[in-house]
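Remember, it's a predicted structure, so these values are computed and weren't measured experimentally. Letters A, B, ... are given to chains in the order of the sequence lines, protein chains preceding strands, and every chain is numbered from 1.
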Amino acid sequence: MTNSEMAAMFDRIADMLEIKGENVHRILAYRNAANSIGQFPRDLRIVAAEGGLEEISGVGKVIAEKIAEILETGTLQFYENLAAEIPPGVVDILHINGVGPKKARMFWQGAGITDVPSLEAAAREGKLAGLPSMGAKSIARVLEGIESFNRRATDTRTPLGVALPTAERILAMIMQIEGVGKGAIAGSIRRALPTIGDVDLVVTAQDATMVMDIFVQMDEVARVLGHGPTKSSVELQNGLQVDLRVLPEEHWGTALVYFTGSKNHGIKLRTMALAKGLSLNEWAFTPVDGGEEILCATEEAVYSQIGLPYIPPEIREDMGEIEAAQKGKLPKLIQLSDIHADLHMHTVWSDGTATVQEMAEAALERGRKYIVITDHSHGATIANGLSIERLLEQQIEVRRVDAEMGGAIRVFHGTEMEIKADGTLDFPDEILEQLDFVIASLHVGLRQPRVQVTQRLLNALNNPNVDLIGHPRGQLIPERDPADLDMDAVFATAQKTGTALEINANPHRLDLEAQYARRAAEFGIPICIDTDAHRPETMDLMRYGVMTARRGWIEASQVINTWPLEQFMQWLDKRNGR
DNA sequence: GCCGTTTTCGGCCCGACTGTTTTCAGTCG
């Protein structure tokens, strides 16, 4: 069982305990454990063998024992017992917007409703009307919630690459409204999660009423979920939920911290504030023994009030950032402006849409100082991969373009080579030696058993001609889970060989994802952030890779393609034994 | 169920909006 599958199991336990009406703090404990496990970058089997499960935040004696039972037996008796007691459809009902544990339990035990279709039928046939607190409006709300539930039944979360542009468009529209001062995208988009539950926007205005009225009447709004004086929520036609908060400007700092989250980061800040005798919310710090409120117009002022330096939003996950801040050991995170190169892109030679020349010019326009042309190898038949003959032919063209660019941008020749299903590489060493830069990637056999798929990656790492592993885990967001890789073995090998690992900036990949990138960088493994562009415009997706790297605590010096050209060439020379 | 510069027991962050049992519980973030 993977970490994310185990996290899902603990989340489902929390759901079922909620329906049973268990103690809220016990439920929260399962949720916190699920959250920690889901973000944990190491294989729990190894951690369990080392006896270190209880060192994971939110995992105590009881949950550690449950993890061990899952690892040993493949299942958990506690979970099975709950699942036997509570029909699975009742847990689905809990996930309908507007239905919480109390109503889910009431529908089940009060009316014998055990799945979403029968809830919908009961609502339409008027059978909910007799239940407590189910007036006409509540019934209509349930039906709307079911409609939305069915629409997002396949994937509940939206890729960052879809949510961020939508959020930017809507925020820009709101900023046009008279009286609006500051505005920002907050929540999980600002923290750069690879997938987003809903869009959180915060703006300042002295009079929120007009802002709210315009917001809920936007053209692309499908329905209004809530419409209050400081907070409104809408669902867009594309299914995305957008929450807007409006506050006067003097509350900007506290509001932005509050709505950026994460929840656990915020809880820790509020707990620290309480230790100083201050209650913290989105409006202000309030002394608990009375006295004047302390307003913060900036986020810096909020952190300063708690005695901390500013913490960048991407690492606000309660994953050690507060402790690092206390010790003055926060990383100096990479920025988009640090990027000088793009080392993974495709052209018409394989499955790209532009020529070598056009890609070089597009990269130059974007301020890149050097690039590598890395078309697919012949094993990637579906992508029109290059034979050895075509690869060598392409090299002549790349050299010509490089010369013609006159030094304004350097254009290197490389490949994105298949790691074949049998574990061998697609080009022989004598060919690889003629290339400037070699990426090896998994595209096939991603569902192979753990030992087999891991060994293929280790084979590639152990080849001295391979400089970079492209999108190491092989996930596609949101539709394909990563390969079942032993990442501890991958990191140990990459550390030994000095091979770089990629953060693929394409929002459908974001691979390595942040928690693995963070661990790789801790191992001293070089990181490379690439767009994997198949057309000139997709070079603009670099920002998603940088956001992911920031979320992984990564500094510019750890990223190859922030280096000046000379440093990059020295690194290549050293790898090639020159 | 977790956790500790108040604590190994007794706490566990905080507020907005909605609908309804009209004074507050349920839901959400």
Side-chain angles (χ1 to χ4, degrees), chain A residues 10 13-14 17-19 21-36 53-67 78 93-107 129-142 144-145 186-188 191 196-202 208 212 216 224-235 241-247 251 254-255 257-286 288 306-307 318 326:
Chain A
F10 283 114
I13 288 172
L17 293 176
E18 276 203 294
I19 292 165
E22 265 282 353
N23 176 288
V24 290
H25 301 297
R26 187 180 177 214
I27 293 162
L28 188 62
Y30 280 99
R31 295 237 185 263
N32 281 335
N35 184 40
S36 280
L53 286 177
E54 287 186 52
E55 285 160 34
I56 301 171
S57 138
V59 175
K61 188 164 175 292
V62 173
I63 291 182
E65 280 170 5
K66 288 185 163 64
I67 294 171
F78 177 64
I93 288 172
L94 178 66
H95 292 153
I96 295 170
N97 201 314
V99 178
K102 302 281 162 53
K103 283 186 181 163
R105 185 165 74 242
M106 181 186 73
F107 294 146
L131 295 170
S133 84
M134 289 304 293
K137 281 186 178 174
S138 292
I139 292 170
R141 200 174 168 84
V142 166
E144 282 183 3
S188 51
R191 302 200 315 279
I196 303 303
D198 52 33
V199 174
D200 292 299
L201 302 177
V202 191
M212 288 306 185
V216 299
V224 179
L225 302 168
H227 183 182
T230 74
K231 177 186 172 181
S232 293
S233 299
V234 300
E235 190 174 298
Q241 182 179 327
V242 184
D243 296 344
L244 174 65
R245 293 295 302 250
V246 185
L247 304 89
H251 303 287
T254 43
V257 168
Y258 195 95
F259 296 115
T260 296
S262 66
K263 189 161 156 255
N264 286 343
H265 178 89
I267 286 173
K268 203 159 229 175
L269 292 186
R270 291 192 284 280
T271 305
M272 289 176 75
L274 275 180
K276 291 177 180 286
L278 298 168
S279 169
L280 171 62
N281 61 24
E282 63 266 53
W283 298 96
F285 288 94
T286 310
V288 288
I306 305 171
D318 190 20
Q326 285 172 319

Exercise. What interatomic distance, in whole Å, is found between P of B:dT22 and the corresponding atom of B:dG15?
Worked result: 26 Å
Seminar exercise, completed: The salt bridge (Lys or Arg N to Asp or Glu O under 4.0 Å) partner of A:E18 among A:K102, A:R105, A:R31 is A:R31
For this session: Look at all strands and tell whether A:V59 reaches a base, only sugar-phosphate, or nothing, counting heavy atoms closer than 4.0 Å.
Result: sugar-phosphate
For this session: Determine the interatomic distance between P on B:dA16 and the same-named atom on B:dG10; round to the nearest Å.
Result: 33 Å
Seminar exercise, completed: Whole-Å distance, A:L274 CG to B:dT6 P, equals 12 Å
Exercise. Got a second to check how far A:M212's CE is from A:L244's CG, nearest 0.5 Å?
Worked result: 4.5 Å
Problem set entry | Gap between atoms CZ and C1', on A:R270 and B:dC13 respectively (whole Å) | 5 Å
Problem set entry | Residue among A:K268, A:K263, A:H265 satisfying side chain to side chain donor-acceptor pair (under 3.5 Å) with A:D318 | A:K268
Seminar exercise, completed: Sorted by chain and residue number, the side chain to side chain contact (heavy atoms under 4.5 Å, CB included) partners of A:Q241 (sequence neighbours excluded) come out as A:N97, A:D198, A:L225, A:S233, A:D243
Exercise. For B:dT20, does OP1 or OP2 lie under 4.0 Å from any side-chain N or O of A:S138?
Worked result: yes
Exercise. Is there a side-chain contact between A:L201 and A:R245 (heavy atoms, below 4.5 Å)?
Worked result: no
For this session: With DNA chain B as reference, determine whether A:S57 or A:K137 sits nearer its 5' end, using the nearest nucleotide of each.
Result: A:S57
Exercise. Would you say A:W283 reaches B:dC14's phosphate, i.e. side-chain N/O to OP1/OP2 under 4.0 Å?
Worked result: no
For this session: Could you check how far CG of A:N264 sits from C1' of B:dC2, rounded to whole Å?
Result: 12 Å
Problem set entry | Pairwise C1' distance for B:dT20 and B:dG26, with rounding to whole Å | 11 Å
Exercise. With nearest nucleotides of DNA chain B determined for A:A136 and A:Y30 from heavy-atom distances, which residue corresponds to the more 5′ nucleotide?
Worked result: A:Y30
Problem set entry | For atom CD1 of A:I267 and atom C1' of B:dC13, their distance in whole Å | 6 Å
Exercise. Under 4.0 Å: is that the gap between some side-chain N or O of A:S233 and OP1 or OP2 of B:dC17?
Worked result: no
Seminar exercise, completed: Between A:P229 and A:A208, the two heavy atoms sitting closest are O-CB, 3.2 Å
Seminar exercise, completed: Rounded to whole Å, the CG-C1' distance (A:L28 to B:dG1) equals 9 Å
For this session: Quickly work out the A:E22 CD to B:dG1 C1' distance and round it to whole Å.
Result: 10 Å
For this session: Encode nucleotides 24-29 of chain B as B, S and - characters from 5' to 3', where the letter depends on protein heavy atoms closer than 4.0 Å: B to the base, S only to sugar-phosphate, - to neither.
Result: --SSSB
Seminar exercise, completed: As its Watson-Crick or G-U partner within any shown strand, both distances under 3.5 Å, B:dC14 has B:dG29
Exercise. When you check the gap from the basic side-chain N to the acidic O, do A:K61 and A:E54 get nearer than 4.0 Å?
Worked result: no
Exercise. For A:H25, what residues pass the side chain to side chain contact (heavy atoms under 4.5 Å, CB included) criterion, not counting sequence neighbours?
Worked result: A:N23
Problem set entry | P spacing across the pair B:dC17 / B:dT23, given as an integer number of angstrom | 23 Å
Problem set entry | Between B:dG15 (C1') and A:E282 (CD): distance, integer Å | 5 Å
Exercise. Closest to the A:T271 side chain: B:dC13, B:dC14, B:dA16?
Worked result: B:dC13
For this session: Can you tell me, in whole Å, how much space there is between the P of B:dG11 and that of B:dT7?
Result: 14 Å
Problem set entry | Any A:R26 side-chain nitrogen or oxygen under 4.0 Å from OP1 or OP2 of B:dG1 | yes
Exercise. To the nearest Å, how far apart are A:M212 CE and B:dA16 P?
Worked result: 12 Å
Problem set entry | C1' spacing across the pair B:dC9 / B:dG19, given as an integer number of angstrom | 39 Å
